[in-house]
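Following: one structure in structure tokens, then a few remarks.
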Amino acid sequence: MSWLDEGATRLLTVAGTAGSGKTRLALTVAAKAGEGSRRPVYWTDLTATASPQLIGSTIASALGVFIKPGQSETAAIAEHIGSTPALLVLDNCEHMARDCAKASVGLLADCGALHILVTSRVPLPVEASRIWLLDPLPVPASEELPLEEIAASESVRLFTERASLALPGFAVTRQNAAAVARVCRRLDGLPLAIELAASRVRLLTTAQLAERLEDALGLLTGAGSVGAQRHATLRAALDWSHGLLSPSGQALFRRLSVFAGGWALEDAEAVCPGGMLEPADILPALSELVDQSLVAVERPSGGTRRFRLLEVIRQYADERLRSAEERSLLRRSHSARFAAVAMEARGELTGPKQPAWTQRLEQDKGNLRAALAWGLDAPEGLESGAEITCTLAQVWQLRGEFAEGLMWHRRYIARSHALPRRVQANLHESTGFLAVHAGLGDEARSHWEQAAAIFAEVDDPAAVGRQLHYLAHATMGIDAPRAAVLAARGLALEQEAGDQWWTSACLFALGDASFILGDVDKAADCYSKSQVLARRLGHAFAIARRFVRLGQVARTRGDLEGARRHLGESMRVAQTGSDDWGVTMALAAWASMAASVGSPRTSAMLLGAAQGRLDQYGAVLWALDRAEFARTASTVGALLGEDAFRGCLAAGRTLTPQEIDSLVNELLEPQRPEALAGYAVSPAIRLTPREAQVLHLIAGGMSNQSIAQDLGLSVRTVERHTANLYMKIGVEGPAARTAAANYAFRHGLGPEQDKLAIPRQSPPLRR
């Protein structure tokens, strides 16, 4: 209402798409303006006014103004209103926007206290008009939100209000909240569509309603009085808007329905020309559609403005496309466009532009899915669809979307007999890539073996090297020596081919195999060389993963500060690059780090956070990470006890990203271990006296059995002390005992550094 009291402008246009609630908003403003008879309010509906010459007489009739012979309509209306503050509403002006603007300017000039509120799908072409673009109502961000958040959404509140009129007593409950949210999201928050959907709750449950919205235009036929006759159905409202378009605007409108989820101007210029539309015509026609509120303009992302059709409007435009018998042609053009985008992205996803291209492909996820579906439906699109599938494997992996990625890969593999051999090999390679992350090791190995055979057949040794690298990863957990051989063979082939990226990848695999085999020095060398190449190439997600490994090496060597530094960088790089898999991998490593610095509760919570993400994605960690995860869980579980451990795991699954960051930030700085308060500990290494004794004897080369005999303890008790001290000083794996001995000497606890008085006694008899 503040607009009526401002002096800056007296003409306001509420613009928005069909069914966006323009008339409802105008009614609300009119009702408040007329409260207490503060000012007269005049309402004029221009829907049925077909000729510009009738605008004045239609307004005069609505105001009850008698026009004297020889008197103009504007003069008669001005005489009636006079200098009294008043509000004139001109509803539905889009079909005569220019003439309504002219009439409004004349009335404002003659009536100094008059305000005019216009509703139109097209902004009035007059500089004096202030424009209020009416967006659809906000919708719930997810169907999984708590009941209270779903019910508070404006679109859900409108649905509830209208549904309760159709079915008294209707309310949003825990049972129907997800379905109601799905309806409002599917309808893009469009008020008229939501009203019409809500009127159907007398006949359909909300779940049935949500299922049937694939054909929203057929379902949402007006029931009862919800507005003017042309608003009786969404189809009628859209027919009205479509009839106002120029022939080129109508052609572009129907062709834009081929896009799924939005597009950039360059996409429309590549896909939509033909017939009356030349590439140069796309921008003017798109401007017309934006002006008519049929196309929504999204906020710029990454410097490129994008556009979209609301879903109900897209369905209407698709009907027009089918009627024009252009759908097959446009889908072919659309598929070719996004196959070209995918092929361009493939060359950039292993370089410094990887984050930008990942974002671009994420934005076009809907279009890429549409192109994939068309490739399976149309023989001519099969090869381009397969190429898109191979390109997206890396994006699906980064996003943790293994189920979707494997679904598309398996569908294309089933038709691969019709593809060129090299494309078949590429499909097998990327299918294995997703399968191994999903924990399907046998399936992954089978695909990589087939890919290697085909690449050997077409004489591509570098591609064979890639498959050996993959096979090494898939073999790690069951045969580490063989994995090392495979990785070394792959490395030789990639170095000979001069491929720096795959050389880096093979070094990483060889590092993992060496780490598992206990050769920490060789692993560190491989990871460092791999990181140098990843940095040279500017490959963000590779850099993040190598930081994880360097952090794990540092922790195993007892260098906790180095481990903190590397793991902190890994988390930062992964988060900056929206690398969900990299974040998950870093979280698992941070859980082990928390255990090493004596924070078992934090460790358990981070384990829970990592496992929750893995379960969400349907994925498993790589072999080296799985082994570390299991060791950390075993050690922390023993320290906390089963009930407390499970409680921390469950709490970790519910952590927000901000809470996870807070836990990690606490670990970045050295702190007193939460579990060791009250213990008499060495100031250097924070061990209990008994753990320090055990470490002293380990440094002297004694076995657990010998230590047990020397201290008069059971072997199991010595094993427990050993596990605890390993966790606290941050060593693990096959080389843990050697690393622990080194740690003891660095901190003055070795056998020649006699700081501990270790009582010797004869062991009791054990039966």
Side-chain angles (χ1 to χ4, degrees), residues 248-249 251-287 289-290 295-298 300-309 311 313-314 317-318 320-322 324-349 353 356-396 404 408 411-412 419-420 423 426 430:
S248 60
L252 181 61
F253 175 62
R254 64 178 179 262
R255 293 176 184 181
L256 290 174
S257 68
V258 77
F259 292 105
W263 66 89
L265 174 61
E266 294 77 12
D267 299 324
E269 290 173 332
V271 172
C272 297
M276 70 172 66
L277 276 179
E278 297 291 336
D281 299 326
I282 300 299
L283 181 56
L286 182 60
S287 298
L289 296 176
V290 171
V295 168
V297 182
E298 297 181 335
S301 177
T304 301
R305 194 175 296 280
R306 290 177 63 85
F307 308 87
R308 71 184 181 101
L309 294 171
E311 176 57 23
I313 297 176
R314 193 202 64 77
D318 183 61
R320 292 279 179 176
L321 187 67
R322 292 172 188 268
E325 298 183 347
E326 295 177 339
R327 195 167 189 267
S328 179
L329 176 65
L330 264 292
R331 289 204 65 184
R332 183 182 302 114
S333 178
H334 175 273
S335 179
R337 166 63 179 172
F338 287 97
V341 169
M343 291 303 293
E344 185 179 358
R346 184 179 296 185
E348 301 289 355
L349 287 174
K353 296 181 181 179
W357 272 99
T358 300
Q359 181 185 21
R360 167 71 191 277
L361 295 176
E362 180 70 17
Q363 286 179 329
D364 276 317
K365 182 187 291 184
N367 288 310
L368 292 163
R369 284 171 174 163
L372 290 173
W374 187 77
L376 293 172
D377 291 340
E380 69 225 71
L382 183 64
E383 184 172 346
S384 63
E387 296 286 8
I388 295 173
T389 303
C390 296
T391 298
L392 292 183
Q394 185 168 310
V395 178
W396 281 315
E404 178 179 356
W408 288 113
R411 289 183 179 181
Y412 274 93
L419 292 169
V423 179
N426 289 334
S430 56

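Since the model is a prediction, treat every value here as computed from it, not as a measurement.
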Taking every heavy atom of Ala268 against every heavy atom of Ile282, the minimum-distance pair comes out as CB-CG2, 3.9 Å
Is the closest side-chain heavy-atom distance between Trp408 and Leu376 below 4.5 Å? yes
Closest contact, heavy atoms only, Leu419 versus Ala386: CD1-CB, 3.9 Å
Atom CG of Asp267 and atom CZ of Arg306: how far apart are they, to the nearest 0.5 Å? 6.5 Å
Hey, mind stepping through Leu286 and Glu269 against side-chain contact (heavy atoms from CB on, under 4.5 Å) and telling me if it holds? CA-CA 10 Å; Leu286 182 60; Glu269 290 173 332; over 6 Å; no
Are the side chains of Leu265 and Arg305 in contact, using a 4.5 Å heavy-atom criterion? no
All heavy atoms of Leu309 vs all of Ala317, minimum pair found to be CD1-CB, 4.3 Å
Go through the steps to decide whether Arg337 and Val258 satisfy the test side-chain contact (heavy atoms from CB on, under 4.5 Å), and finish with yes or no. CA-CA 12 Å; Arg337 166 63 179 172; Val258 77; over 6 Å; no
CG-CD distance between Leu361 and Glu344, expressed to the nearest 0.5 angstrom: 10.0 Å
Nearest 0.5 Å please: distance from the CE atom of Met343 over to the CZ atom of Phe338. 16.0 Å
Validation row: Arg320, Ser257 side chains within 4.5 angstrom (heavy atoms): no
When rounded to the nearest 0.5 Å, the distance separating NZ of Lys353 from CZ of Arg360 is 12.5 Å
Sequence neighbours excluded, the answer for ring pair (Phe, Tyr, Trp, His ring centres under 6.0 Å) partners of Phe259 is Trp263, His334
Ignoring hydrogens, what is the shortest heavy-atom contact between Ala371 and Ile388? Give both atom names and the distance. CB-CD1, 3.8 Å
I need the minimum non-hydrogen distance between Leu277 and Leu252, along with the two atoms involved. CD1-N, 3.7 Å
Exercise: identify the closest heavy-atom pair between Ala270 and Ser333: O-OG, 3.7 Å
Can you name the salt bridge (Lys or Arg N to Asp or Glu O under 4.0 Å) partners of Arg308, sequence neighbours left out? Asp188, Glu298
Under the 3.5 angstrom rule, does the side chain of Arg255 hit a backbone N or O of Gly274 as a donor-acceptor pair? yes
Do Thr358 and Glu362 have side-chain heavy atoms sitting under 4.5 Å apart? no
Thr391 side chain to Glu387 backbone, donor-acceptor under 3.5 Å: yes
May I ask you to test the Asn367-Val341 pair for a side-chain heavy-atom distance under 4.5 Å? no
Apply side-chain hydrogen bond (donor to acceptor under 3.5 Å, both in side chains) to Arg332 and list each qualifying residue two or more places apart in sequence or on a separate chain. Glu380
Leu372 versus Leu392: any side-chain heavy-atom pair under 4.5 Å? yes
Do Ser287 side-chain atoms and Leu283 backbone N/O form a donor-acceptor pair below 3.5 Å? yes
Working note: Asp281 + Ser248, criterion side-chain contact (heavy atoms from CB on, under 4.5 Å); need CA distance, chi angles, decisive distance, verdict. CA-CA 8 Å; Asp281 299 326; Ser248 60; 5.6 Å; no
Taking the side chain as C-beta and beyond, is there a heavy-atom pair between Asn426 and Arg346 under 4.5 Å? yes
